[in-house]
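For reference, the structure is listed below as structure tokens.
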Amino acid sequence: MKNNLLFILLILIPSLGFGQEAQDEANLYEYVPVEKNLYQRHEKAKLIVDYYNTWGISTGERYSYEILVIDNMLMLAFTSPETTDFNEISFETKRVLSKEQIDSLIQVLNISKLKQLKNGIPEPSFSGYAKQVLIIKSENLSIAGGMFYSTIVESDANTPIDQQVKAEEKSNSSIGGDYGAVFKALDNLFVEKNDLLHKLYKYHSESSKLATPSFIVTITPNCGEGVDDCNNVDYSGVNRKNKKSLGLKGRDLLHCPEDLSQGTEKTHCHHIGYEFRNGNTVYFVGDDGVLEVKQGAKVLLKERGKWGSE
């Protein structure tokens, strides 16, 4: 391990197994107690925020990342194994947060009204799931819990996938309040994450397929391998219900954050997905598997799917 402060949850979560708490009535998951001495080296810290996120269809085909804030220090980690679909990635870094960034995070924590609903972290008894864990220790707040949703399910075509995900997470979450706002604030600090997600999938330099509940979308970059700013990307979408198809031309979409470095180097841009236009309708296909269709400010469709090679 390159940095002893990193991978606190990346290491512990996969090895926790099942805890001593009672299972729910369907025996699909149980709540795993959180170790009380996870941060014993930082007992004097005034603020600890630890966010862990993992996604996979099996124990082997899975990536995970962690965002850890201890006072004004930000530590980031991302890991994935070498699999059929994934590239092996082991990423770690740390940097000092500005006072404005810390104040903004604390403000989100204060207005999110987080509360502990149940003790522990829900641990599914099946292998295809996405899980989020949040641990917060400060003078005014103590939270240790999480939630999950199934990544392999029979989707209800009448209910948008994001609504299905939110409903499943809400049913098993051990945290109440606006935890989504906290996750978003922490994810915004991990400016390298989308770039890592783009590099995660082996097939982004070739044709790749995104399957959502309503559409099968094939993305084909035409600029060659290793080009992350391509203005010649093909979109081929097929409606799963009526089998109608749509072909579009578009481009890579990059996010270029404000410079966060402490030296002379500038923070580089990160790939976040692809953008396609059909008149005044904009199609966004994200590296994280989100398909969003908008007309102006109106969202016509937003679904999350699974990437797969052709």
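- Residues Leu300 and Gln295 meet the side-chain proximity criterion, which asks for heavy atoms closer than 4.5 Å.
- Remark: side-chain polar atoms of Glu303 are paired, donor with acceptor, to backbone N or O of Ser214 under 3.5 angstrom.
- Checked options Tyr274, Phe215, Tyr283; the residue passing with Tyr235 is Tyr283 (criterion: ring-ring contact (aromatic ring centres under 6.0 Å, His included)).
- For the residue pair Thr218/Ser236, the side-chain donor-acceptor check at 3.5 Å is not satisfied.
- Side-chain polar atoms of Tyr31 and Glu123 form no donor-acceptor pair below 3.5 angstrom.
- When only modelled atom types and interatomic distance are considered, Asn53 and Lys131 share no side-chain donor-acceptor pair under 3.5 Å.
- Salt bridge status for Lys46 with Asp71: absent, with no side-chain N to carboxylate O gap under 4.0 Å.
- Closest non-hydrogen pair, Ile121 versus Ser174, comes out as CA-OG, 4.5 Å.
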Item to check | Audit row: Asn232, Lys249, side-chain hydrogen bond (donor to acceptor under 3.5 Å, both in side chains) steps and yes/no | outcome: CA-CA 7 Å; Asn232 185 12; Lys249 283 284 188 179; 3.1 Å; yes
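- With no hydrogens or angles considered, a side-chain donor-acceptor pair links Ser150 and Glu168 at under 3.5 Å.
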Checklist entry - Going through the distances and angles, do Glu275 and Arg277 end up as a salt bridge (charged side-chain N to carboxylate O under 4.0 Å, His left out)? => result CA-CA 7 Å; Glu275 182 183 76; Arg277 294 180 177 271; 3.7 Å; yes
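- Note that CG of Asn172 and CD of Glu30 are 13.0 Å apart. Values are rounded to the nearest 0.5 Å.
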